[in-house]
Amino acid sequence: MIRFNRALSPVSVLSFDLDDTLYNNHPIIKSALQAQADYLANIEQWPADSMNYWLTCRDNALKQDATLVDDVTRWRQAALFYAMQDLGFEHDLAKHHAEQAYQAFADARSQITVADDVLELLEKLGRHFRLIAITNGNVEVEKFNLNGVFELVLQAGPHGKAKPHAALFNNAAQLLNVAHSEILHIGDSLDTDVQGANNAGCQSVWLNNQATNYQYKGLADIEIEDIFALNHLIKE
């Protein structure tokens, strides 16, 4: 299914969200969280009520530095360090445990294999458009088989405020030297991807394949249920 809500103006850049757009991120995150939990479980002082304690540490780290909300990597690292200090570890040992727990998470986080047919789709699209990625997540593209696919990868935090803020899209337009309207962003979230692209004056594709209730009531330029509907963008 492909639904055009508005006619597209000329596009030169296809921008992709990553998690849950080009691969199913749910089992990957579950595995990464388990890897972090396994490391923390080996620390004698780590509370038995680990989930509530972890959420409290996340909240308190954010209270100390509100900018963490736009950088999920820094937020997780800061929450881990806060937890270790709260448990009574001196600075160096707290830093060690925080770094090791985060590394366990990060190593599992990038254990991704994008399906061959998705890679073939991207290769085909790449013959007609410049391909970039704009993500709020912290996956390390260079560690799995999307490495080398994109001309540019922009992540919330290091490269600007998280979607739906316009910063990452503004950064992309400037770095690529294109008008915002030439960027067509594809993502699974109405609240972050579609709203963010619309806010920035880019064009948007909503991959409507998640059973999620969204707050954003705006329309994407195009709505699809399957990533392979993007083949319709190619005029041969």
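Quick caveat: nothing in here was measured; it's all calculated off a predicted structure.
Rounding to the nearest 0.5 Å places CG of L184 at 8.5 Å from OG of S15. Atom SG of residue C57 and atom CE of residue M84 lie 8.0 Å apart, to the nearest 0.5 angstrom. Atom CG of residue N177 and atom CD of residue E182 lie 9.0 Å apart, to the nearest 0.5 angstrom. In this structure, the separation between CD1 on I132 and CG on L168 is 9.5 Å, given to the nearest 0.5 Å. Interatomic distance, I222 CD1 to R6 CZ, rounded to the nearest 0.5 Å: 10.0 Å. In this structure, NE2 on H185 lies 13.5 Å from NE2 on H180, to the nearest 0.5 angstrom.
What you find for A156 and K161 is that their closest heavy atoms are CB-C, 4.5 Å. Here the shortest heavy-atom pairing between A220 and N5 reads O-ND2, 2.9 Å. The two residues D19 and G137 have their closest heavy-atom pair at OD2-CA, 4.2 Å. When every heavy atom of D221 is checked against every heavy atom of S204, the shortest pair comes out as OD2-N, 2.8 Å. Residues F144 and S110 share a closest heavy-atom pair of CB-O, 3.9 Å. Taking both residues in full, the closest heavy atoms of A108 and I28 are given as O-CG2, 4.1 Å, listed atom of the first, atom of the second, then distance.
With hydrogens and angles ignored, the 3.5 Å screen pairs a side-chain donor or acceptor of D191 with a backbone N or O of Y216. For T21 (side chain) and G187 (main-chain N/O), no donor-acceptor pair under 3.5 Å exists by modelled atom type. Looking at D20, its side chain does come within 3.5 Å of a backbone N or O of N25 through a donor-acceptor pair. Distance alone, capped at 3.5 Å, places no donor-acceptor pair between the N208 side chain and the E225 backbone. Without hydrogens or angle criteria, R130 side chain to L152 main chain gives no donor-acceptor distance under 3.5 Å. In terms of modelled atom types and a separation under 3.5 Å, the side chain of N136 and the main chain of K163 share a donor-acceptor contact. Checked by atom type and distance alone, the side chain of Q203 pairs as donor or acceptor with a backbone atom of S9 at under 3.5 Å. In terms of modelled atom types and a separation under 3.5 Å, the side chain of D193 and the main chain of W206 share no donor-acceptor contact. In this structure a side-chain-to-backbone donor-acceptor pair under 3.5 Å is missing from H96 to D92. Here the side chain of D70 pairs a donor or acceptor atom with the backbone of A162 at under 3.5 angstrom.
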Assess the residue pair L233 and L8 against the criterion (side chain to side chain contact (heavy atoms under 4.5 Å, CB included)); give the C-alpha distance rounded to whole Å, side-chain angles, the decisive distance to 0.1 Å, and a yes or no. CA-CA 10 Å; L233 297 175; L8 289 182; 4.0 Å; yes
Please test L80 against W54 for side chain to side chain contact (heavy atoms under 4.5 Å, CB included), starting from the C-alpha separation and ending with a verdict. CA-CA 8 Å; L80 286 165; W54 170 244; 3.6 Å; yes
Can you check side chain to side chain contact (heavy atoms under 4.5 Å, CB included) on N60 and D86, steps first, answer last? CA-CA 11 Å; N60 289 337; D86 185 64; over 6 Å; no
Evaluate the side chain to side chain contact (heavy atoms under 4.5 Å, CB included) criterion for residues L14 and H128: first the C-alpha distance (whole Å), next the side-chain angles of each, then the deciding distance (0.1 Å), finally the verdict. CA-CA 10 Å; L14 297 186; H128 302 268; over 6 Å; no
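No more than 12 heavy atoms of other residues, nucleotides or ligands lie within 6.0 Å of CG in D116, so this atom counts as exposed by the packing criterion. Within a 6.0 Å radius of NZ in K143, more than 12 heavy atoms belonging to other residues, nucleotides or ligands are found. Residue N213 qualifies as open at atom CG: its count of foreign heavy atoms under 6.0 Å is 12 or below. For Q215, the CD atom sits in a loose shell: 12 or fewer heavy atoms of surrounding residues, nucleotides or ligands are nearer than 6.0 Å. Other residues, nucleotides and ligands place more than 12 heavy atoms under 6.0 Å from the CE atom of M1. Heavy atoms of other residues, nucleotides or ligands lying less than 6.0 angstrom from CD of Q174 number 12 at most.
Within the 4.5 Å cutoff, no side-chain heavy atoms of I2 are placed close to those of D226. T56 is not listed as a side-chain neighbour of D59, based on a closest heavy-atom distance of 4.5 Å or more. In this structure, L93 and H97 have side chains that are in contact, with non-hydrogen atoms separated by less than 4.5 Å. Contact check for L154 versus L175: side-chain heavy atoms found under the 4.5 Å cut-off. Using a 4.5 Å heavy-atom cutoff, the side chains of Q77 and F105 are not in contact. For the pair V118/F228, a side-chain contact is recorded, criterion being any heavy-atom separation below 4.5 Å from C-beta on. The shortest side-chain heavy-atom distance between V141 and T135 does not fall under the 4.5 Å cut-off. At least one side-chain heavy atom of K95 sits less than 4.5 Å from a side-chain heavy atom of F81.
Scanning for side chain to side chain contact (heavy atoms under 4.5 Å, CB included) contacts around D38 gives Q34, with sequence neighbours left out. Annotation: ring pair (Phe, Tyr, Trp, His ring centres under 6.0 Å) contacts of F16 (sequence neighbours excluded): none.
Under the 4.5 Å side-chain contact rule for hydrophobic residues, F169 and F150 do not share a cluster. Cluster membership for F129 and I227, using ILVMFWY side-chain heavy atoms within less than 4.5 angstrom, is shared.
The pair E123-R127 meets the salt-bridge criterion, with a side-chain N (NZ, NE, NH1 or NH2) lying under 4.0 Å from an Asp/Glu carboxylate O.
For D107 and Q103, the side-chain atoms include at least one donor-acceptor pair closer than 3.5 Å.
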